[in-house]
There are 2 protein chains.
Amino acid sequence: MGAAQETLGEEQPWSEVSPDAARRLLVAAVEAFAERGYHATTTRDIAGRAGMSPAALYIHYKTKEELLHRISRLGHDKALDILRTAADGEGTAAERLSAAVRSFVRWHAGHHMTARVVQYELDALGDEHRTEIVALRRQSDAAVREIINDGVRAGEFDVPDVPGTTLAVLSLCIDVARWFNVAGRRTPDEVGALYADLVLRMVGASPQA
Amino acid sequence: MGAAQETLGEEQPWSEVSPDAARRLLVAAVEAFAERGYHATTTRDIAGRAGMSPAALYIHYKTKEELLHRISRLGHDKALDILRTAADGEGTAAERLSAAVRSFVRWHAGHHMTARVVQYELDALGDEHRTEIVALRRQSDAAVREIINDGVRAGEFDVPDVPGTTLAVLSLCIDVARWFNVAGRRTPDEVGALYADLVLRMVGASPQA
DNA sequence: CCTGAAGGTGAGCAAGCGCTTAGGCAAGTG
DNA sequence: CACTTGCCTAAGCGCTTGCTCACCTTCAGG
């Protein structure tokens, strides 16, 4: 029940965050936000999980909202990077779409705590921070739509409604963060494989691309 | 920005809730919870939207959590009713699955405020109330799995992983409540039709069932 | 050995929270 | 008429919240 066990699925070291105390606070915040939601989490809880006094938080972050923003920004950067890598990769549209869904889903399952905060606490952000993040999300949407459009143009896919299908594919992947449970029966890899297959069916790709 | 405009998409009268003051409070709570989340909503806000003093809330509901529970219970009852009606209906498995997805999605889009509260504020419930609601959700899962199993048995569907696909179908539909926007380009009917088609593809039904 | 920056603490403030209480008013009943 | 009942409010209690402030410790550089 402690932080250590809960974090097993999240081997990511958040290595880009320094100094060490700031990273420990950020990791603690991810856990707390994921478990109870942003608004139900107190700054005392975050500081306590990081083994510090409540005041220590404000040495490294101006406000509680800035902590959320940092998490959201890093998470969206990572998510967008995953999708762009797949979109810009080699291979047929089906192969790239499959790879995109597989790695995107694997990230959402393997880092489901981070992903939950990233995907479901968007409107806890302040106005400026939210518009910044929304811009990143539009880029994610564009990356997926790009692959699907390629597939349609190449005759690989049969998609009557490209924007709608793009939305559905992303929605399907994102919602993994809501239901995925480390104690469940499926590994992130298995869910990724299942979802890649389902998405190829959604776009009408010939089976087993 | 007032309550009236926001509620346009939700013509549902919550007719099962009486007396009138209790219903007004419940509608106000749905709006507030959907916009800001359960924890970020204050009892003063709810009472204010209903045109009452903060104390009036406690004449009709014991706690703020009881309000959430009532909303969640009514919403889950409605959602389960939609799925069971489709599952128990006439026609091929493809027709029943299509009808289930279409009406389930239409409800999530048309009542997206209620649905958002119902689907995304589950762990704000107290322990007892949550287990009660989780039981209802398992029944929803069973209803969808039943249709898919029927289709597989009849040779209509090609589904390698029935539990996983069931989960994905429900997940896809539920997430509509997160992104659907009344100001957006799509009507609930259009989203329902699109999603019914996508789901039939996911289960490998022959096109246009 | 002194100094100043960096990183931490304990105590606590102002504001806002969920919820309670005492009491008021209108309608229905003997 | 008196009295009860149902619904509502004004005031406010006890507590928690995000955040601040005065102060302490550690340690590198001159």
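The analysis underlying the following values was restricted to heavy atoms, covering all of them including side chains, and did not include hydrogens, waters or symmetry mates.
Here the options are A:Thr85, A:Leu83, A:Ile82, the test is side chain to side chain contact (heavy atoms under 4.5 Å, CB included), and the partner is A:Ser103; only A:Ile82 passes. Checking A:Arg73, A:Arg70, A:Glu65 one by one against A:His129, the side chain to side chain contact (heavy atoms under 4.5 Å, CB included) holds for a single residue, A:Glu65.
D:dT20 atom P lies 17 Å from atom OH of A:Tyr61, rounded to whole Å. If you measure from atom CG of A:Leu57 to atom P of D:dT17, you get 14 Å, rounded to the nearest angstrom. Per the geometry, CD1 belonging to A:Ile46 stands 12 Å off C1' belonging to D:dT17, to the nearest Å. Protein atom CG of A:Asp45 is 14 Å distant from nucleotide atom C1' of D:dG18, rounded to whole Å. Taking atom CE on A:Met52 and atom C1' on C:dG7, their separation rounds to 9 Å, with Å as the unit. One interatomic measurement links the two molecules: CG of B:Leu25 to P of D:dG6, which rounds to 18 Å at whole-angstrom precision. With rounding to whole Å, A:Lys62 atom NZ is found 11 Å from D:dC19 atom P.
In this structure, B:Gly75 and B:Val118 approach most closely via the heavy-atom pair CA-CG2, 3.8 Å. Closest of all the heavy-atom pairs between A:Leu198 and B:Met202 is CD2-O, 3.8 Å. Residues A:Trp14 and A:Arg23 share a closest heavy-atom pair of O-CD, 3.2 Å.
Distance from the side chain of B:Ala55 is smallest to C:dT21 among C:dT21, C:dC19, C:dG18. Listed nucleotides: C:dG7, D:dC19, D:dC7. Nearest to the side chain of B:Pro19: D:dC7. With C:dG18, C:dG8, D:dC19 as the candidates, the nucleotide lying closest to the side chain of A:Ile59 is C:dG8. The side chain of A:Thr42 sits closest to D:dG18 out of D:dT9, C:dT9, D:dG18. When each of C:dC19, D:dC19, C:dT9 is scored by its nearest atom to the side-chain atoms of A:Tyr58, the top-ranked nucleotide is D:dC19.
Put simply, A:His60 has a side-chain N or O that comes within less than 4.0 Å of OP1 or OP2 on C:dG8. Contact between the side-chain N/O atoms of B:Ser53 and the OP1/OP2 oxygens of D:dA10 is not found at any separation under 4.0 Å. Distances shown here put every side-chain N or O of A:His39 at or beyond 4.0 Å from the OP1 or OP2 atom of D:dT17.
Side chain B:Arg44 to base C:dG18: a donor-acceptor pair is found below 3.5 Å.
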